[in-house]
Amino acid sequence: MMTIEEFGRRLRARQVTSVQVTEECLRRIDADNARYNAFTLVMADEALKRAHEADKELAAGTDRGPLHGAPISIKDLLDIRGVPTTAASRVREGHVADRDAPTVAHLRQAGAVIIGKTNLHEFAFGTTSEDTAFGAVRNPHDPARSAGGSSGGSAASIVAGMALASVGTDTGGSVRIPSGVCGLAGLKPTIGEVSTDGCVPLSRTLDHIGPLAASVADASVVYHALLGDARTTPAVPMPMHGLRLAVPRKYFCDLLDDDVRSSFEAALERLRAAGAHVDEIEIRHATDIAPVYLHIVLSDAAAYHAHTLETVPERYTPPVRLRLEMGRYIMAEDYVRALAGRDVLVREVDAALAQHDALILPTLPIVAPPIGAASVNVGTSTEPVRNVMLRLTQLFNVTGHPAISIPAVPSSTGLPCGIQLVGCRHQTDALLKVALACEPQITGVSVPRGGTDGG
Amino acid sequence: MTIDAWLQAATADAERRGLSDLKPILETLAKATAALRAADFNSAAGPQAEADARRDRTS
């Protein structure tokens with residue numbers, strides 16, 4: 001994976017052009033997309049046109065900032081003018097977006113080259129990207145395994161060298177989960193910070209839009225572009241000495257695969273050795289998060305899909321249709337109870353962060369599950385795949401706190417593991433500074449990753 | 001409505017609509033709803049409403 005940082009350096013040193021890197025991404029899509037099902041739509045002609053323009057602009061002295069000329073993929077849940085937004089569903093057949101989502105418009109203004117739209121779990125309602133009209137997304141680290149979801153195609157596109165970064169959505173972990181199982185950095189900003197206009201909703205209460213990228217620095221660049229401030233100075237790491245981290249062990253470390261636990265504990269040791277204070281705290285009602293999340297997301301999703309569930313039910317994949325139908329049976333009184341639970345959880349996460357710069361916890365309890373698996377073994381327990389994949393991420397959609405997944409030391413079988421940092425609400429930039437500081441200790445490598453020649 | 005009564009009604013409705021595959025999923029949802037109602041931020045709501053009603057009657 002070439003990072004955006006590396007691409008930008010080489011672009012400005014005239015060692016590479018946007019056209020060359022875009023062509024290389026298109027070559028990889030051509031060679032491998034049938035294998036990974038990462039893209040629902042490849043926008044080759046438009047991407048090459050934009051790349052030519054980016055090179056001409058730079059030659060003429062116009063530099064739009066760190067994303068200038070960088071090929072980026074977009075989850076096929078966001079509107080791009082003139083092309084379909086399929087949400088990976090046959091329900092959306094015939095749709096063509098008449099305008100760009102604001103996030104897409106911001107990326108264009110930042111000079112990004114939009115290379116195509118990526119596959120996902122149908123309507124973003126799943127964690128494995130298997131139930132989709134375009135075929136299951138496969139993890140480039142092991143094509144027999146899931147790339148996570150719902151932004152699985154976004155993650156696969158980066159790992160497979162088909163894009164330098166991607167934009168995904170995250171309602172219960174859908175940016176962080178694929179980032180975790182594919183070895184990427186994935187950021188869910190504070191709720192409401194990045195516009196969700198022009199995005200097919202899963203839950204208007206819980207939806208977030210955020211970047212997936214090869215490094216924290218790259219995620220920061222794309223995040224600022226999504227906000228419309230592409231020229232922001234790159235974030236500077238917070239000093240490691242004196243950094244205050246908190247581990248919420250109860251619930252979050254109760255159910256972990258042995259490899260995930262080892263990777264997490266080793267990262268904590270490296271962080272301590274580098275000068276961070278690592279305390280332990282408790283989020284008392286974290287154990288209640290699954291029913292709180294479920295009642296909110298199901299109700300919101302059912303409300304959005306009520307009409308098409310009546311008119312074109314056969315166009316949904318059967319598992320997604322059944323989950324949406326389940327939401328139609330939730331009672332209003334239980335939805336209100338879930339909202340009451342959300343208020344309690346917001347206060348508890350705020351309190352946990354009052355004396356700390358960030359919470360630190362694994363992103364998922366497991367590595368990428370095999371495609372088709374309904375359940376997985378975690379320690380001595382057998383758990384439904386969906387429940388276990390959402391277990392450590394969904395809380396921060398409910399509370400709205402910003403959270404980022406960073407690649408950790410891989411499992412004994414070489415599969416990626418992720419570690420999550422969670423910051424204070426409305427302080428996503430502060431979280432990014434913590435993440436930049438912790439990234440070398442978490443990844444276990446002190447030099448920037450990446451290195452394939454993009455052109 | 002109790003969860004048992006809800007589950008019975010929901011299952012019957014799903015079957016009437018030809019969605020018998022929903023039954024096990026509704027049973028899972030029933031367990032989640034029971035857990036939600038049992039959470040202490042909600043378990044206080046029932047007794048509190050009762051206490052409020054008693055207070056209103058005696059005032």
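Every chain is numbered from 1 and lettered A, B, ... according to where its sequence line falls, protein lines coming before strand lines.
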Legend entry - Proximal component of B:A9, with respect to chain A [non-hydrogen, under 4.5 Å]: neither
Legend entry - Electrostatic pair B:D13:A:R328 at N-O distance under 4.0 angstrom: no
Legend entry - CD/A:E93: more than 12 non-hydrogen atoms of other groups inside 6.0 Å: yes
Legend entry - Atom pair CD/CZ of A:E325 and B:R17 - distance to nearest 0.5 Å: 4.0 Å
Legend entry - Part of residues 291-303 of chain A lying next to chain B, heavy-atom separation under 4.5 Å: A:P291, A:V292, A:L294, A:H295, A:L298
Inset, instruction - To the nearest 0.5 Å, tell me how far A:R347 CZ sits from B:F41 CZ. - result: 10.5 Å
Inset, instruction - Against chain B, label A:D288 side chain, backbone, both or neither, depending on which of its atoms sit under 4.5 Å from a heavy atom there. - result: side chain
Inset, instruction - Grab the two heavy atoms, one from B:W6 and one from A:Y329, that are nearest each other, plus how far apart they are. - result: NE1-O, 2.7 Å
Inset, instruction - Please examine the side chains of B:D40 and A:H285, heavy atoms only from C-beta on, and report whether any two atoms are closer than 4.5 Å. - result: yes
Inset, instruction - Could you grab the distance from atom CE of A:M331 to atom CE of B:M1, nearest 0.5 Å is fine? - result: 6.0 Å
Inset, instruction - Considering only heavy atoms, give the residues of residues 19-27 of chain B separated from chain A by less than 4.5 Å, sorted numerically, with 'none' for an empty result. - result: B:L19, B:D21, B:L22, B:I25, B:L26
Inset, instruction - Indicate the atoms forming the closest heavy-atom contact of B:N42 with A:A340, along with that distance. - result: OD1-CB, 4.3 Å
